Amino acid sequence: MTVGIVGAGQLGRMMALAGYPLGLDFLFLDPSEQPPAAALAPVLRSAFTDADALAALARRCEVVTIDWENVSVAALRSLGRGTRVCPPPAAIAAAQDRVSEKRLFEKLGIATTRWRAVGSRRQLDAAVRDIGLPGILKTRRMGYDGKGQAVLRTAADLEGAWARMGQVPLLFEELVPFDLEVSVIGVRGRRGECQVYPLNHNLHCGGILRLTRAPFGNARLNRLARAHVLALMEHLRYVGVLTVEFFVRGGKLVANEMAPRVHNSGHWTIEGAVTSQFENHLRAILGLPLGETRAKGYSAMINLIGTLPGRSRLLRHPGVHLHDYGKEPRPGRKLGHLTVVEDNASRCDRRARALLAEVAPEIHIP
Ligand SMILES: Nc1ncnc2c1ncn2[C@@H]1O[C@H](COP(=O)(O)OP(=O)(O)O)[C@@H](O)[C@H]1O
Ligand SMILES: [Mg+2]
């Protein structure tokens, strides 16, 4: 049984790594020369927007899924009824545009930031007047790892930000003075059955995720996040893994964005949960029974960004799991991650601190 994956990045690679023990095969579609998943399965080389290439992928696969949400929804829709696409293209479309994402949160009663759509310089001025400063200007589409964003602190910042970003549709929103950031990962199967992982605590630096710890937070916060991801999955008739990122302020959740796929903040589930997010995504889209999402202990996941320290240096740390995505080093690029799992939270933090001191001394566990 072959799973087709649009995008052959590290997420696709980890999906394949989770799927081989289940007896699955994989076929990828990706425009790049040597994408991370190419080491595991064949890749059809084509643009994400190429409807013919997508159709060729679909013909050879049981189901088509994504490892990167900025695919052409029109091309996915053109595959027609004979092809099972998971998650549903409507969900991918909603998550591709920050404005439709915010509207969806609001429609479902999920608190989100105050925001305005910005399509002209005049609308930017009006948005800043309505929302106030400081605020954050984001491209509506294609943003990731903090790319396509500018923090506006004073009126003097508007001109430069508009010159740099004004060519594409934008969204302006309040800059939330959050206490911390969390994310929740849910999975919904073909018959509507759902499972939700415990909450992740995420530390970002310059818009890039650096550290995730899980399980995190009290029962109330976990319940709230769980209710939100369940409501979204239900509404979207979702099939697969869905991630929602939140700011936490004064004990309240404020939705930031969602990702219609497995997520960096869920990488700890490979070693730290009964069933990983990657395996559960595959189970969901293939109509197999979902696996348990319970954590097996306390996990910390550290992203390796820009350069990959030597293997033997990293593996000297007891209990560490190294994931090297096989990518060319480049500043700001996610090249791999480390996970430690311990049976109590303080031991896990101690291990994570020792690893951070080695690979990212600028990051501190609060
Ligand atoms: N409105 C905001 N207020 C405060 N911080 C923000 C806001 N929007 C984004 N950030 C910071 O930037 C990070 C990346 O922004 P996000 O909207 O999640 O975009 P991306 O698609 O790049 O992940 C967030 O995790 C958060 O740390
Ligand atoms: Mg984000």
Side-chain angles (χ1 to χ4, degrees), residues 7 9-11 66-71 92 94-106 110-118 124 127-128 130-153 157 161 164-165 168-185 199-213 216 225 228-229 232 241-250 252-267 277 301 303 305 332-334 360 362-364 366:
Q10 64 264 22
L11 301 179
I66 56 165
D67 105 322
W68 155 253
E69 62 268 40
N70 294 309
V71 296
I92 300 173
Q96 278 181 346
D97 177 4
R98 294 189 190 275
V99 165
S100 57
E101 205 169 66
K102 297 280 177 198
R103 287 200 181 116
L104 180 59
F105 291 148
E106 288 171 350
I110 300 171
T112 187
T113 56
R114 289 186 298 123
W115 62 275
R116 293 284 182 279
V118 170
L124 176 60
V128 169
D130 289 352
I131 306 285
L133 291 173
I136 182 160
L137 191 62
K138 300 181 177 179
T139 57
R140 280 174 63 165
R141 291 173 175 276
M142 300 296 278
Y144 71 98
D145 288 350
K147 292 182 180 41
Q149 300 192 8
V151 174
L152 308 185
R153 297 197 180 275
D157 294 336
R164 266 181 285 118
M165 299 169 67
V168 293
L170 302 168
L171 172 142
F172 180 74
E173 65 178 346
E174 61 182 311
L175 190 69
V176 180
F178 57 77
D179 303 321
L180 46 98
E181 289 185 272
V182 297
S183 59
V184 68
I185 298 176
L199 212 50
N200 308 305
H201 173 220
N202 302 325
L203 217 66
H204 294 85
C205 198
I208 304 188
L209 181 67
R210 305 302 301 266
L211 169 76
T212 294
R213 292 183 303 157
F216 179 81
H228 290 336
V229 73
L232 283 161
V241 162
L242 176 73
T243 307
V244 192
E245 299 179 21
F246 299 94
F247 304 118
V248 182
R249 196 176 174 214
K252 292 206 170 78
L253 289 178
V254 178
N256 171 27
E257 62 167 354
M258 63 180 189
R261 52 170 169 77
V262 290
H263 195 258
N264 195 169
S265 63
H267 290 358
Q277 61 166 349
M301 188 284 314
N303 271 339
I305 292 170
R333 197 170 200 210
K334 289 175 179 168
E362 69 280 17
I363 307 294
H364 299 281

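Just so you know, ligand 1 is whichever comes first in the structure, and atom 1 is the first atom listed for that ligand. As the structure is a computational prediction, the values presented were derived from the model and not from experiment.
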Could you go through ligand 1 and list every pair where one of its N or O atoms sits under 3.5 Å from a protein N or O, giving the atom names and the distance to one decimal?
residue, atom, partner, partner atom, Å
ligand 1, 1 (N), E173, OE2, 3.3
ligand 1, 1 (N), E174, O, 2.8
ligand 1, 3 (N), V176, N, 2.8
ligand 1, 8 (N), K138, NZ, 2.8
ligand 1, 15 (O), Q149, NE2, 3.1
ligand 1, 17 (O), R98, NH1, 3.3
ligand 1, 17 (O), K138, NZ, 2.6
ligand 1, 17 (O), Q149, NE2, 3.4
ligand 1, 17 (O), N256, OD1, 3.3
ligand 1, 17 (O), N256, ND2, 3.4
ligand 1, 18 (O), E245, OE1, 3.2
ligand 1, 18 (O), N256, ND2, 2.8
ligand 1, 18 (O), E257, OE2, 2.8
ligand 1, 19 (O), R98, NH2, 3.4
ligand 1, 19 (O), Q149, NE2, 2.9
ligand 1, 21 (O), R98, NH2, 3.1
ligand 1, 21 (O), E257, OE1, 3.2
ligand 1, 21 (O), E257, OE2, 3.1
ligand 1, 22 (O), D145, N, 3.0
ligand 1, 22 (O), G146, N, 2.6
ligand 1, 23 (O), E257, OE2, 2.8
ligand 1, 25 (O), E181, OE2, 2.6
ligand 1, 25 (O), H204, ND1, 3.3
ligand 1, 25 (O), H204, NE2, 3.4
ligand 1, 27 (O), E181, OE1, 2.7
ligand 1, 27 (O), E181, OE2, 3.2

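- Taking T139 as the reference, nothing meets the side-chain hydrogen bond (donor to acceptor under 3.5 Å, both in side chains) condition, with sequence neighbours excluded.
- Taking the six-membered ring where the residue is Trp, W68 and Y144 present perpendicular rings, their angle passing 60° and hence far from 30°.
- In this structure D157 satisfies the salt bridge (Lys or Arg N to Asp or Glu O under 4.0 Å) test with no other residue, sequence neighbours excluded.
- Checked against the Mg ion (ligand 2), the N, O or S atom of E257 at the shortest distance is OE2.
- The minimum distance between the Mg ion (ligand 2) and any N, O or S atom of E245 involves atom OE1.
- Between the side chains of W115 and E101, no donor-acceptor pair of N or O atoms lies under 3.5 Å.
- Taking each heavy atom of A225 and F246 in turn, the nearest pair found is CB-CE1, 4.2 Å.
- When the salt bridge (Lys or Arg N to Asp or Glu O under 4.0 Å) test is applied to E181, no partner is found at least two apart in sequence or on another chain.
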Report task. Begin from the C-alpha positions of D130 and R114 and carry the test side chain to side chain contact (heavy atoms under 4.5 Å, CB included) through to its verdict. Result -> CA-CA 9 Å; D130 289 352; R114 289 186 298 123; over 6 Å; no
